[in-house]
Participant: 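Take this structure first; my questions come after.
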Amino acid sequence: MTLRIYNTATRRKEDLVLLREGNVGIYVCGVTVYDLCHIGHARSAIVFDVLVRYLRASGLNVTYVRNFTDIDDKIIARANELAKDTFALAQQYIDAFRNDMKSLGVLDADVEPRATDHIEGMIKMIETLLERGHAYQQGSDIFFSVESFKGYGALSGRRLDEMQAGSRIAVDENKRHPMDFVLWKAAKPGEPKWESPWGLGRPGWHLECSVMSNRYLGVSFDIHGGGKDLLFPHHENERAQSLCANGGEFARHWVHNGFVTIESEKMSKSLGNFLTIRDALKSHHSQVLRLFLLSKHYRSPIDFSASGVEAAQAGLVRIYRTLERLDNLLGPGKTNVDNKAFSAGDLSQGSNEDSFLPQFVSLMDDDLNTAGAIGLLFEKVRDINRLMDSSDTLRDDSSLRRLEDDRKDILAAGQVLGLLETRPEQFFAELTRPSEAGGIDPAVIEEMIRERTEARAKKDWAKADQVRNRLKEMGVILEDGPQGTTWRLDV
RNA sequence: GGCGGCAUAGCCAAGUGGCUAAGGCAGCGGUCUGCAAAACCGUUAUUCACCGGUUCGAAUCCGGUUGCCGCCUCCA
């Protein structure tokens with residue numbers, strides 16, 4: 001596997017060349033914990049979740065760091081609004097984040113550090129920046145001097161003289177250059193504060209990521225990720241500080257995911273058009289949301305719409321129906337497949353380039369083309385159904401073996417995408433739970449089916465159809481098969 | 001003002017120099033079924049916003065036009 005992934009810093013797809021062979025260090029900017037997460041956060045988390053799952057499945061040893069920013073202006077503002085303690089507020093939303101991520105099937109990062117646990121490191125870093133002439137003090141505030149770093153702007157592709165600093169927000173008059181940013185802020189009364197050589201205060205944004213990535217991954221590491229909106233100023237500033245204080249390369253590869261829009265507009269609180277993960281999960285199954293969010297390339301904007309998610313659900317139902325058929329034919333499949341399924345050795349064994357997994361790998365290797373990979377999954381599903389439809393399959397050993405292999409393959413691919421990890425019957429049960437399945441009594445359904453079966457035996461089709469229609473109105477679909485009649489809720 | 005992105009069927013969406021332009025959803029026709037459901041088969045873009053150029057060959061590269069979006073302020 002050679003993952004080729006777009007590097008924002010060079011604006012090109014590049015081979016992921018690792019600093020230490022076999023190991024990947026990845027740092028992703030998590031969330032500032034002052035409110036519930038929305039589906040934009042979900043997309044970002046899912047994209048990097050898939051990246052990490054894929055790297056691991058390729059046999060790499062991944063160290064995944066995702067931080068919490070738990071001290072910041074917005075947290076303070078929110079805490080004041082609610083008359084709450086900032087730490088309690090942050091903790092509340094860290095817990096909420098963890099719950100939401102779990103619901104979405106997003107795996108925990110290996111390290112989930114918090115800014116407030118690294119104040120000491122931040123102070124040290126500021127001292128280094130001061131010593132090296134990259135920072136200056138104004139009163140009790142410390143600023144980073146963007147003009148002291150000639151590479152400033154290289155990451156986001158901007159030039160200092162082309163940016164319109166202050167066009168929309170007043171520039172702090174203490175700054176030497178309008179783009180200079182704060183490293184340390186003197187505490188105002190009632191704000192959380194820490195001791196420092198410059199008096200009581202708190203760190204500026206950006207600094208925590210520089211310190212924590214360095215602490216857990218080193219001066220130079222492989223991948224730094226986050227939403228596109230973090231590119232400037234956050235990542236630009238982070239990079240500037242880190243390179244000035246630590247040297248090295250900092251992040252070798254920058255990966256940024258695109259936004260989720262609603263009605264083609266970026267979600268924002270001022271427009272009131274943002275949807276929390278919780279609310280989204282009330283009306284949609286988590287795997288449906290995942291499939292939906294992965295069905296477009298991660299760098300493009302994706303528009304969240306009810307019809308789009310419903311289409312994703314219809315597609316996922318199709319896959320699960322096929323898995324259910326496979327289970328009925330072959331017995332239940334393993335829910336957990338070998339998570340190293342995509343390492344080069346495994347792939348070369350008895351497979352050619354046209355077979356499913358190598359194709360899946362080549363799509364994923366091409367800048368994480370999950371949309372293409374999902375298309376491939378559907379093609380495989382059709383192949384499987386076709387094979388199961390052929391009448392002699394039931395007695396044909398080689399067909400059965402092939403179906404076993406096919407199932408293993410799609411489950412392996414699904415695992416990388418964080419999909420298909422549920423048993424089909426459980427998936428269908430979960431899918432109907434949020435809707436009004438509550439009013440349906442299985443015993444009543446069974447009785448009605450018995451009634452209909454009797455009518456059918458007497459070829460009383462009118463009565464049989466009447467029962468079918470009554471059930472249909474209740475949202476129950478009947479399926480007559482060789483083993484008798486089964487029922488399911490309409491989804 | 002600067003920077004970046006996008007435009008592919010009714011809808012969603014891959015494909016970024018060369019076989020018949022993936023796949024999903026929706027629709028229509030068929031197979032199966034007493035009728036259905038599910039599944040399968042067929043069908044729905046001679047064409048990829050528009051104009052010009054490069055090339056033996058372009059949805060794919062280059063230039064221009066139009067439209068939409070994002071960033072330059074906190075944001076995943």
Side-chain angles (χ1 to χ4, degrees), chain A residues 8 11 13 28-32 34-35 37-48 72-74 77 153 156-159 161-171 179 205 225-234 236 256-261 264-270 274 291-292 295-297 299-303 305 307-319 321-322 324-325 363 366 369-382 384-390 456 459-462 464-465 468-469 472 477-481 485-488 490:
Chain A
T8 314
R11 283 157 276 273
K13 283 188 208 174
V28 175
C29 288
V31 290
T32 300
Y34 72 104
D35 204 348
C37 288
H38 54 63
I39 51 176
H41 297 105
R43 183 186 198 190
S44 185
I46 288 169
V47 163
F48 290 104
D72 150 284
D73 289 352
K74 291 192 295 295
S156 57
R158 294 155 212 261
R159 290 165 36 149
D161 51 12
E162 281 169 350
M163 284 189 273
Q164 295 189 322
S167 65
R168 289 159 77 185
I169 196 167
V171 173
M179 297 311 295
W205 188 38
K228 234 170 201 162
D229 44 1
L230 295 178
L231 176 58
F232 190 92
H234 183 53
E236 191 69 57
H256 291 97
N257 65 275
F259 298 126
V260 178
T261 60
S264 304
E265 279 192 318
K266 187 187 164 184
M267 280 191 292
S268 83
K269 302 217 163 167
S270 53
F274 76 99
L291 180 67
F292 172 75
S295 66
K296 191 155 184 196
H297 187 88
R299 280 190 283 123
S300 305
I302 186 168
D303 196 45
S305 68
S307 62
V309 181
E310 279 159 22
Q313 170 164 316
L316 190 61
V317 164
R318 177 176 157 75
I319 300 175
R321 270 207 262 268
T322 299
E324 192 171 45
R325 271 185 91 182
L363 286 162
D366 184 13
N369 186 355
T370 53
I374 288 165
L376 184 69
L377 203 58
F378 278 109
E379 285 181 59
K380 193 64 185 170
V381 163
R382 193 183 50 218
I384 291 170
N385 281 323
R386 202 184 284 151
L387 186 54
M388 285 194 289
D389 279 352
S390 70
R456 290 180 74 211
K459 297 206 191 303
D460 184 354
W461 307 129
D465 289 348
R468 180 196 287 291
N469 290 333
K472 189 168 184 193
I477 303 292
L478 296 184
E479 297 187 356
D480 298 326
T485 300
T486 56
W487 65 278
R488 63 178 168 85
D490 197 8

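By convention in this document, chain letters (A, B, ...) are assigned in the order of the sequence lines, proteins followed by strands, and residues within each chain are numbered from 1.
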Participant: Specify the separation, in whole Å, of atom CD1 of A/Ile302 and atom P of B/rG5.
Facilitator: 20 Å
Participant: Can you tell me the Watson-Crick or wobble partner of B/rG4, both distances under 3.5 angstrom?
Facilitator: B/rC69
Participant: Can you tell if the side chain of A/Gln313 reaches within under 4.5 Å of the side chain of A/Val309, non-hydrogen atoms only?
Facilitator: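 They are not in contact (no side-chain heavy atoms under 4.5 Å apart), so the answer is no.
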Participant: If you check every side-chain atom of A/Arg382, which of B/rA76, B/rG23, B/rC35 has the closest atom?
Facilitator: B/rG23
Participant: Work out how far the C1' atom of B/rA13 is from that of B/rA22, and round it to whole angstrom.
Facilitator: 10 Å
Participant: Which part of the nucleic acid does A/Gly226 contact within heavy-atom distance under 4.0 Å: base, sugar-phosphate only, or nothing?
Facilitator: sugar-phosphate
Participant: Please tell me which of the listed nucleotides, B/rC41, B/rA76, B/rA39, lies nearest to the side chain of A/Arg318?
Facilitator: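 Of the candidates, B/rA39 comes closest.
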Participant: With respect to the side chain of A/Asp229, which nucleotide from B/rA76, B/rC71, B/rA14 is positioned closest?
Facilitator: B/rA76
Participant: Do A/Met267 and A/Ile39 make a side-chain contact, defined as non-hydrogen atoms from C-beta onward lying under 4.5 Å apart?
Facilitator: yes
Participant: Using the P atom on both, measure B/rG63 against B/rC68 and round to a whole Å.
Facilitator: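 So the two P atoms sit 22 Å from each other.
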Participant: Is there a Watson-Crick or G-U wobble partner for B/rA58 with both distances under 3.5 Å, and which nucleotide is it?
Facilitator: none
Participant: To the nearest Å, how far apart are A/Asp366 CG and B/rA22 C1'?
Facilitator: 14 Å
Participant: Please give the distance between the C1' atoms of B/rG15 and B/rG24 as a whole number of Å.
Facilitator: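 These two C1' atoms come out 15 Å apart once rounded.
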Participant: Please measure how far the C1' atom in B/rA49 lies from the corresponding atom in B/rC69, and state the result in whole Å.
Facilitator: 15 Å
Participant: Distance between the C1' atoms of B/rA39 and B/rA21, in whole angstroms?
Facilitator: 27 Å
Participant: Answer with base, sugar-phosphate or nothing: what part of the nucleic acid does A/Gly258 contact at a heavy-atom distance below 4.0 Å?
Facilitator: base
Participant: Using a strict threshold of under 4.0 Å (side-chain N to carboxylate O), is an ion pair present between A/Lys74 and A/Asp35?
Facilitator: no
Participant: Please report the distance, rounded to the nearest Å, between NZ in A/Lys228 and P in B/rG4.
Facilitator: 13 Å
Participant: Both A/His41 and A/Asp465 contact RNA chain B. Which one's nearest nucleotide lies toward the 5' end?
Facilitator: A/Asp465
Participant: To the nearest Å, how far apart are A/Leu478 CG and B/rU33 C1'?
Facilitator: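 Spelled out: CG on A/Leu478 to C1' on B/rU33 is 14 Å.
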Participant: Using the salt bridge (Lys or Arg N to Asp or Glu O under 4.0 Å) rule, take A/Asp303 and A/Lys296 through it: C-alpha gap first, then chi angles, then the decisive distance, then the call.
Facilitator: CA-CA 10 Å; A/Asp303 196 45; A/Lys296 191 155 184 196; over 6 Å; no
Participant: Can you figure out which of B/rA14, B/rC72, B/rA76 approaches the side chain of A/His297 most closely?
Facilitator: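 For A/His297, the side-chain atoms sit closest to B/rA14.
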Participant: Indicate, yes or no, whether a donor-acceptor pair under 3.5 Å links the base of B/rC41 to the side chain of A/Arg386.
Facilitator: no
Participant: Which listed nucleotide (B/rC40, B/rC71, B/rC35) is nearest to the side chain of A/Phe232?
Facilitator: B/rC71
Participant: What's the closest nucleotide to the A/Ala371 side chain, out of B/rA38, B/rG34, B/rA14?
Facilitator: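 Looking only at side-chain atoms, A/Ala371 lies closest to B/rA14.
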Participant: Any idea which of B/rA76, B/rA38, B/rA22 is nearest the A/Arg488 side chain?
Facilitator: B/rA38
Participant: Donor-acceptor pair, A/Ser44 side chain versus A/His41 backbone, under 3.5 Å?
Facilitator: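 Looks like no, no N/O pair under 3.5 Å.
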Participant: For B/rU55 versus B/rC74, give the span between their C1' atoms, rounded off to a whole number of Å.
Facilitator: 49 Å
Participant: Using a heavy-atom cut-off of under 4.0 Å over every strand shown, decide if A/Gly375 touches base, sugar-phosphate, or nothing.
Facilitator: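 Answer is base: heavy atoms of A/Gly375 come under 4.0 Å of a base.
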Participant: Measure from NE2 on A/His234 to C1' on B/rC71 and round the result to the nearest Å.
Facilitator: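 After rounding, the reported distance stands at 16 Å.
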Participant: Counting just side-chain N and O atoms, does A/Lys74 come under 4.0 Å of either OP1 or OP2 of B/rC74?
Facilitator: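 No, outside the criterion.
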Participant: Given B/rG15, B/rA37, B/rA76, identify the nucleotide with an atom nearest to the side chain of A/Glu479.
Facilitator: B/rA37
Participant: Quick one: are A/Lys380 and A/Leu376 in side-chain contact, heavy atoms under 4.5 Å?
Facilitator: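 No. Closest side-chain heavy atoms not under 4.5 Å.
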Participant: Could you work out the separation of B/rU47 and B/rU20 based on their P atoms and round it to a whole Å?
Facilitator: 16 Å
Participant: With no angle test and no hydrogens, is the base of B/rG5 tied to the side chain of A/Arg299 by a donor-acceptor pair under 3.5 Å?
Facilitator: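 Such a pair does not exist between side chain and base.
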Participant: Give A/Val47 one of three labels, base, sugar-phosphate or nothing, depending on what nucleic acid heavy atoms sit under 4.0 Å from its own.
Facilitator: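 The residue A/Val47 makes no contact with any strand.
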Participant: Whole Å only: how far is the CZ atom of A/Phe259 from the P atom of B/rC6?
Facilitator: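 Those two atoms, CZ and P, are 15 Å apart.
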Participant: For residues A/Arg468 and A/Thr485, determine if any side-chain heavy atom of one lies less than 4.5 Å from a side-chain heavy atom of the other.
Facilitator: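 No - every pair of side-chain heavy atoms lies 4.5 Å or more apart.
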Participant: Among B/rC25, B/rC41, B/rA37, which nucleotide has an atom closest to any side-chain atom of A/Ala314?
Facilitator: B/rC25
Participant: Can a donor-acceptor pair be found, under 3.5 Å and without considering hydrogens, that links the side chain of A/Arg159 to the backbone of A/Gly153?
Facilitator: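 No, because the side chain of A/Arg159 does not come within donor-acceptor range (under 3.5 Å) of the backbone of A/Gly153.
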Participant: Mind checking A/Ser295 for me? I need base, sugar-phosphate or nothing, with any heavy atom below 4.0 Å counting as a touch.
Facilitator: sugar-phosphate
Participant: Does B/rA38 have a Watson-Crick or wobble mate here (both distances under 3.5 Å), and if so which one?
Facilitator: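 Check on B/rA38: unpaired, no WC or wobble geometry under 3.5 Å.
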Participant: Would you mind pulling out the nucleotide paired to B/rC11, Watson-Crick or G-U wobble, both distances under 3.5 Å?
Facilitator: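 Partner of B/rC11: B/rG24.
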Participant: Separation of A/Leu363 atom CG from B/rA22 atom P, in whole Å?
Facilitator: 15 Å
Participant: Which comes earlier along RNA chain B counting from the 5' end, the contact point of A/Arg468 or that of A/Val381, where each point is its nearest nucleotide?
Facilitator: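 Nearest-nucleotide comparison on RNA chain B picks A/Arg468.
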Participant: Tell which nucleotide pairs with B/rU16, taking only Watson-Crick or G-U wobble pairs whose two distances are both under 3.5 angstrom.
Facilitator: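 Per the H-bond distance test, none.
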Participant: With a centroid cutoff of 5.5 Å and a plane-angle limit of 30°, would you call A/Phe378 stacked on B/rG23?
Facilitator: no
Participant: Provide the Watson-Crick or G-U wobble partner of B/rC50, both distances under 3.5 Å; none if there is no partner.
Facilitator: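 Its partner is B/rG64.
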Participant: So, does the side chain of A/Asn369 form a donor-acceptor pair with the base of B/rG15 at under 3.5 Å?
Facilitator: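 Side chain to base: no pair present.
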Participant: Which value, in whole Å, describes the distance between the C1' atoms of nucleotides B/rU8 and B/rC50?
Facilitator: 15 Å
Participant: Separation of A/Ile39 atom CD1 from B/rA76 atom P, in whole Å?
Facilitator: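 Distance, rounded to whole Å: 14 Å.
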Participant: With the side chain of A/Arg321 defined as its heavy atoms from C-beta on, choose the nearest nucleotide among B/rA14, B/rA39, B/rA76.
Facilitator: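 From the listed options, B/rA39 comes nearest.
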Participant: Would you say that A/Lys228 contacts A/Leu231 through its side chain, given a criterion of any heavy-atom pair below 4.5 Å between the two side chains?
Facilitator: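 No, their side chains stay 4.5 Å or more apart.
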